[in-house]
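The structure appears right after this line, and notes come after that.
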Amino acid sequence: ADESATHDEL
Amino acid sequence: MNIFRGIADFSHLAAIIILLHKIWKSRSCAGISGKSQILFAIVFTTRYLDLLTSFISLYNTSMKVIYISCSYATVYLIYMKFRATYDGNHDSFRVEFLVVPVGGLAVLINHDFALLEILWTFSIYLESVAILPQLFMISKTGEAETITTHYLFCLGLYRALYLFNWIWRFYFEGFFDMIAIVAGLVQTVLYCDFFYLYVTKVLKGKKLSLPA
């Protein structure tokens with residue numbers, strides 16, 4: 001899983 | 001950013017504005033679940049703490065500020081300014097049955113055992129069930145004002161469109177966040193019953209009334 005370390009979605 | 005996420009964010013913003021405007025103009029929060037609005041305020045507060053730690057874009061920051069301020073303004077209108085019109089008898093969903101399991105799950109299943117990440121995960125899980133008190137209230141009163149159904153439609157549509165956004169991002173960017181996807185699926189499924197009623201009744205000009 002490549003979830004982003006910083007969440008860039010609202 | 002992609003078209004699905006752009007429309008989704010717009011739909012979410014529209015929902016928040018529709019509700020705030022409805023309460024403000026009608027000076028009444030009849031039929032609105034204050035508990036759901038408190039849960040949404042908690043969702044935004046715990047999810048957007050990164051406003052203090054990281055800057056992603058002007059769009060990202062401004063939308064977060066708008067969401068947080070509108071959600072607190074809505075809670076204020078319901079529980080303070082127009083408190084007399086709040087229908088507490090029908091807004092009787094036991095939110096502790098949501099918050100406690102969601103809190104436990106966020107501590108157990110997350111991407112990183114760090115405070116901000118656990119709070120973000122809590123917010124994602126909580127958002128998926130935050131509408132339940134509102135749907136429960138409508139089932140108890142047996143009806144909903146048409147403007148309230150438009151609010152709910154926009155709110156449900158936003159996360160449904162995020163599902164397409166995640167398909168898009170997986171295909172084009174290899175981006176994949178299982179926690180957000182599973183929670184988003186649960187959240188959208190919870191609206192299915194309402195979506196059916198909205199399409200078959202409200203869009204045909206009828207009032208949304210459940211078989212009492």
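The chains referred to below are lettered A, B, ... by the order of the sequence lines, with proteins before strands, and numbering in each begins at 1.
- Both the backbone and the side chain of N60(B) come within less than 4.5 Å of a heavy atom in chain A.
- Note: R5(B) leads M1(B), R5(B), H12(B) in heavy-atom pairs under 4.5 Å with chain A.
- Here I56(B) is the residue among D112(B), L116(B), I56(B), I179(B) with the most heavy-atom pairs under 4.5 Å with chain A.
- N165(B) touches chain A through its side chain: at least one heavy atom from C-beta onward sits under 4.5 Å away, while N, CA, C and O do not.
- Side chains of T148(B) and K22(B): no donor on one and acceptor on the other come within 3.5 Å.
- The aromatic rings of Y191(B) and F194(B) sit perpendicular, their planes meeting at an angle over 60°, well past the 30° parallel limit.
- With a 4.5 Å cut-off on non-hydrogen atoms, F44(B) does not touch chain A at all.
- Using a distance-only test at 3.5 Å, with no hydrogens or angles considered, no donor-acceptor pair links the side chain of S71(B) to the main chain of F40(B).
- Classification of the F195(B)-F153(B) ring pair by plane angle, with boundaries at 30° and 60°, yields perpendicular.
- Taking 4.5 Å as the limit, every side-chain heavy atom of Y76(B) sits out of range of all side-chain heavy atoms of R83(B).
- Contacts between Y67(B) and chain A at a heavy-atom distance below 4.5 Å involve the side chain alone, from C-beta outward.
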